[in-house]
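To start, the structure under review is shown below, and the notes come after it.
Counting convention: from 1, in listed order, for ligands and their atoms alike. Computed over heavy atoms, backbone and side chain alike; hydrogens, waters and symmetry mates excluded. This is a predicted model, so every value here is computed, not measured.
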Amino acid sequence: MGLLLLLASTLLCSCIQSGIVASQDRSFTISSVTLTIEPRNEVPRNTNVTLRCQAKVLTKDNFPLTRKYIIYKEDRAVHTETTESSDDILYRLPEARVSNNGKYRCKLTIEGKNMSSQPIKLEVTGVSKPIFHLNKNNLTEGDRVTATCSAPGESGVFGFYFYDDSVELTDVQTRSNSAQSMLHFSTLGLHRLHCFYTVDNMPLAVKSEESNKVTVTVRELSIRPVLEISPENNVYEGDPLIISCRVEPSEHIFGNIEVYLSQDGNSRWLSMGKMDTEYSMTATSPLLTFECMMTLENLKKSERKNVTVIELFSTPILTMSPAEVFQKEPLTLTCKSEIVASEKLKRADLSYHLSSNESFVSSGSGVFHVTALEKDYTCIAQARGIRKASKTLTVHPKVAVSLPNISNQSKPILGQLFYIVCRSDVGSLPITYILYNHSTKLDTRVIRLPNQTALFPVVISSAKEQGRYKCEAQNGGRRIQSEELVINAIVPLSSPTLTTVPDLSDISEGGHLNLICAVNGSPPVTFKWFREGDLQPLSTNTSTNPFKDYEIPVVSNQHSGSYYCEAYNQADNKVESKSIYINVRMAPWKKAMIWGIVFLVILLVLIASCVLLYRSKRGKRERAPELSVRSGVL
Ligand SMILES: *[C@@H]1O[C@H](CO)[C@@H](O)[C@H](O)[C@H]1NC(C)=O
Ligand SMILES: *[C@@H]1O[C@H](CO)[C@@H](O)[C@H](O)[C@H]1NC(C)=O
Ligand SMILES: *[C@@H]1O[C@H](CO)[C@@H](O)[C@H](O)[C@H]1NC(C)=O
Ligand SMILES: *[C@@H]1O[C@H](CO)[C@@H](O)[C@H](O)[C@H]1NC(C)=O
Ligand SMILES: *[C@@H]1O[C@H](CO)[C@@H](O)[C@H](O)[C@H]1NC(C)=O
Ligand SMILES: *[C@@H]1O[C@H](CO)[C@@H](O)[C@H](O)[C@H]1NC(C)=O
Ligand SMILES: *[C@@H]1O[C@H](CO)[C@@H](O)[C@H](O)[C@H]1NC(C)=O
Ligand SMILES: *[C@@H]1O[C@H](CO)[C@@H](O)[C@H](O)[C@H]1NC(C)=O
Ligand SMILES: *[C@@H]1O[C@H](CO)[C@@H](O)[C@H](O)[C@H]1NC(C)=O
Ligand SMILES: *[C@@H]1O[C@H](CO)[C@@H](O)[C@H](O)[C@H]1NC(C)=O
């Protein structure tokens, strides 16, 4: 009951108090936060170091404030303390170690306000000397030993490094100040071991001095592998070989011993066994290397031996003669092993087999007669179970050139460059083409690429020349001539002349008219006749002669006008004549008729006058002399 009363009064009291507080002015300001290191910023290891955080807080009224201090090491909180006292905060680092090194900072927070001190750096110098220890010092090959390296009195993150003289054996990373490692030695004799360690001290690590040195002796085990090859000398290809691998001495065996027999260049072992193993094979040249290896737990020991194998016969060489052949010509292939170990093998005992494109051709003493075709040949020399294959010989028989085709690639216009082309459809390259004109050699072309044609530029400079061209194609001694290409130069046309039949002065109505257009130049010539002012020609005609006429069978006076003609031939130069004027005369019968009519009219007038005269003579006789004078005039 008394306890309940006490609780109630406490509650009441604190309510009243907070009422009072609320009425107080609670404003404050953090004026400074300072962090210091005692006794100094830089100390030797083992020093008792204290970090002191000192804060100055100014208030209007004196009232308690809850202060929260956090001490950071490199932005990681390492110490937190909440107090209402204004006393300094102390963070102790007893017997400081290198691992305590770093930048420290103190932060004070009061009711949402905070302030940090300037960062300050603690530097502890020196680490302890490492201690190195081995669990045994007296070893035989293959033994393992436990090594321990410790950093007495240190803390932090460590790296331990184990050394055999200057050679690093292994390393261990740990948070513990001691590390162990299993060591074994690949060489016999004395080994001087030591270790050292590093402690992480961002950003760099601090390295300790070297530990004490420990010497161990690794003694050889009396057992060893023994490799024996029989026979070892004067071994020829094809000889049987027996290789044995065993462990000596075979007495006082302890542990699980295995032996492996292997050959260089072969990743699989030849044979293996416990204590011993054996393998039989046929010797091949030129060198065989064997290895006999024994294993006993971690121990591996081996012995290696070489066997020089004398070649019974050398790799055959396949040659052809002649060196160049045309397709389907006879060809001799010779297969020969240059060197034969005559003390062991007679040349006659060697047999040769020829195959082409992987199919067997024939067997014999090494000389083969074949027909030249595009093929890959190989030969195999064989004796005493040994087979040796030659390199592949590829026969590329030549293909003789076919009849070349000769043609002109452009029009042979007088005085202009044109091309003569020669081409054989088949034939091994290179092909030489020679161009002849009337049996005179003009030019030579060598074609080295497929589908290339021999192109010869030619100019004919006189219209009278007739070119008679031939092509000769040659490859590897084969030559063949094309047919003859006869070329007459195309002579460009000169200006045409237009003439008429009948003559210009004789053209009259009703007659016929021929307009003859004539040029100089190579036929066929195409002519066109034009009447001046018309766009369409009157006629177009082609002639194998250098002239042509256009006929107007019945001429009328509508045909009067100016005319001209045009002509062109294969040289493609269009030429035009001067124009002529054609004046069509009246027809003779028309003239006669006109004269007839005139005469008739005069006659009629005369008759009429006579009649009139007669009448007037009758009526007025006195005027008769006057009238007779008039008719006399007529
Ligand atoms: C450091 O403090 C320990 C007790 O915490 C004390 O035993 C030791 O003597 C001090 N070392 C030094 C160097 O003052
Ligand atoms: C410390 O105060 C600053 C302003 O002075 C503010 O931005 C920051 O958030 C405060 N930090 C903490 C952890 O309260
Ligand atoms: C090492 O061991 C061998 C036999 O195991 C012994 O004869 C030799 O005395 C030992 N050596 C040392 C230095 O202990
Ligand atoms: C075997 O021959 C190789 C190559 O000739 C040579 O390097 C090696 O030392 C030889 N090994 C032995 C055991 O004679
Ligand atoms: C033989 O093989 C070569 C290349 O493999 C080939 O070019 C040739 O045409 C073949 N000859 C015959 C006759 O099959
Ligand atoms: C020769 O070549 C010309 C022009 O390419 C061609 O028109 C002609 O048919 C060819 N003649 C033969 C026999 O191949
Ligand atoms: C070759 O020449 C003739 C005249 O001899 C000509 O008619 C022919 O058009 C020419 N060929 C070519 C491809 O120009
Ligand atoms: C050569 O010409 C033939 C036919 O004209 C064509 O099929 C072939 O691809 C050509 N070869 C080359 C190398 O241009
Ligand atoms: C071709 O031969 C004829 C007759 O010998 C000769 O008149 C002519 O000039 C020659 N043409 C060329 C282009 O060599
Ligand atoms: C071309 O001339 C021939 C022979 O002179 C003639 O028979 C033919 O009708 C003429 N052609 C034209 C379109 O005038």
Side-chain angles (χ1 to χ4, degrees), residues 224-235 241 243-245 260-266 270 283-294 300-311 399-427 431 433 435-438 442 445 447 450-473 480-493 521-526 542-544 546 568-573:
R224 61 184 182 90
V226 175
L227 175 63
E228 271 178 10
I229 301 169
S230 158
E232 203 160 350
N233 296 311
N234 277 327
V235 182
L241 281 183
I243 307 109
S244 75
C245 172
Y260 296 84
L261 179 61
S262 61
Q263 187 187 353
D264 275 18
N266 207 339
L270 300 175
T284 55
S285 81
L287 182 76
L288 299 172
T289 304
F290 297 99
E291 184 178 56
C292 172
M293 182 179 76
M294 58 152 280
K300 288 189 193 338
K301 290 173 92 169
S302 64
E303 187 185 9
R304 292 168 65 85
K305 268 187 185 167
N306 285 341
V307 184
T308 306
V309 180
I310 303 160
E311 211 176 38
V399 178
V401 275
S402 60
L403 181 73
N405 179 1
I406 183 166
S407 61
N408 57 311
Q409 208 196 41
S410 47
K411 287 180 190 165
I413 296 169
L414 184 68
Q416 290 184 19
L417 189 70
F418 75 102
Y419 289 94
I420 289 179
V421 182
C422 289
R423 192 193 136 95
S424 291
D425 282 339
V426 291
I431 300 174
Y433 292 94
L435 181 70
Y436 293 93
N437 170 27
H438 291 275
L442 286 188
R445 290 280 179 282
I447 297 305
N451 282 10
Q452 222 180 21
T453 51
L455 210 57
F456 297 98
V458 181
V459 178
I460 300 181
S461 46
S462 155
K464 287 176 207 123
E465 288 176 16
Q466 188 180 56
R468 289 182 167 271
Y469 299 98
K470 265 189 187 178
C471 239
E472 185 176 278
I480 181 162
Q481 274 198 354
S482 71
E483 287 177 356
E484 195 173 64
L485 174 71
V486 179
I487 292 210
N488 289 302
I490 300 170
V491 181
L493 299 180
S522 295
V525 183
T526 300
T542 301
S543 171
T544 50
Y568 58 89
N569 70 352
Q570 288 184 85
D572 277 345
N573 61 329

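Within the listing of ligand 7, atoms 1 (C), 2 (O), 3 (C), 8 (C), 10 (C), 11 (N), 12 (C), 13 (C) sit less than 4.0 angstrom from a heavy atom of Asn408.
Counting heavy atoms from C-beta on, the side chains of Phe290 and Cys245 never come closer than 4.5 Å. Taking the side chain as every heavy atom from C-beta outward, Tyr469 and Leu435 approach each other to under 4.5 Å.
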Q: Run the numbers on Val235 and Ile229 for side chain to side chain contact (heavy atoms under 4.5 Å, CB included), then give the verdict.
A: CA-CA 11 Å; Val235 182; Ile229 301 169; over 6 Å; no

Q) Between Val309 and Thr284, does a side chain to side chain contact (heavy atoms under 4.5 Å, CB included) hold up when you go through it step by step? A) CA-CA 6 Å; Val309 180; Thr284 55; 5.9 Å; no

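Contact shell of ligand 4 (protein heavy atoms, cutoff 4.0 Å): Leu287, Arg304, Asn306.
Contact annotation for Ser407 and ligand 7: no heavy atom of the residue comes within less than 4.0 Å of the ligand.
Ion pairing between Glu291 and Arg304 holds under the 4.0 Å rule for side-chain N and carboxylate O.
Atom CD of Glu483 sits in a sparse spot, with 12 or fewer heavy atoms from other residues, nucleotides or ligands closer than 6.0 Å.
Here the CE-NZ distance, from Met294 to Lys300, works out to 10.0 Å after rounding to the nearest 0.5 Å.
Backbone and side-chain nitrogen or oxygen atoms of Gln570 are examined, and one is located within less than 3.5 angstrom of a nitrogen or oxygen of ligand 7.
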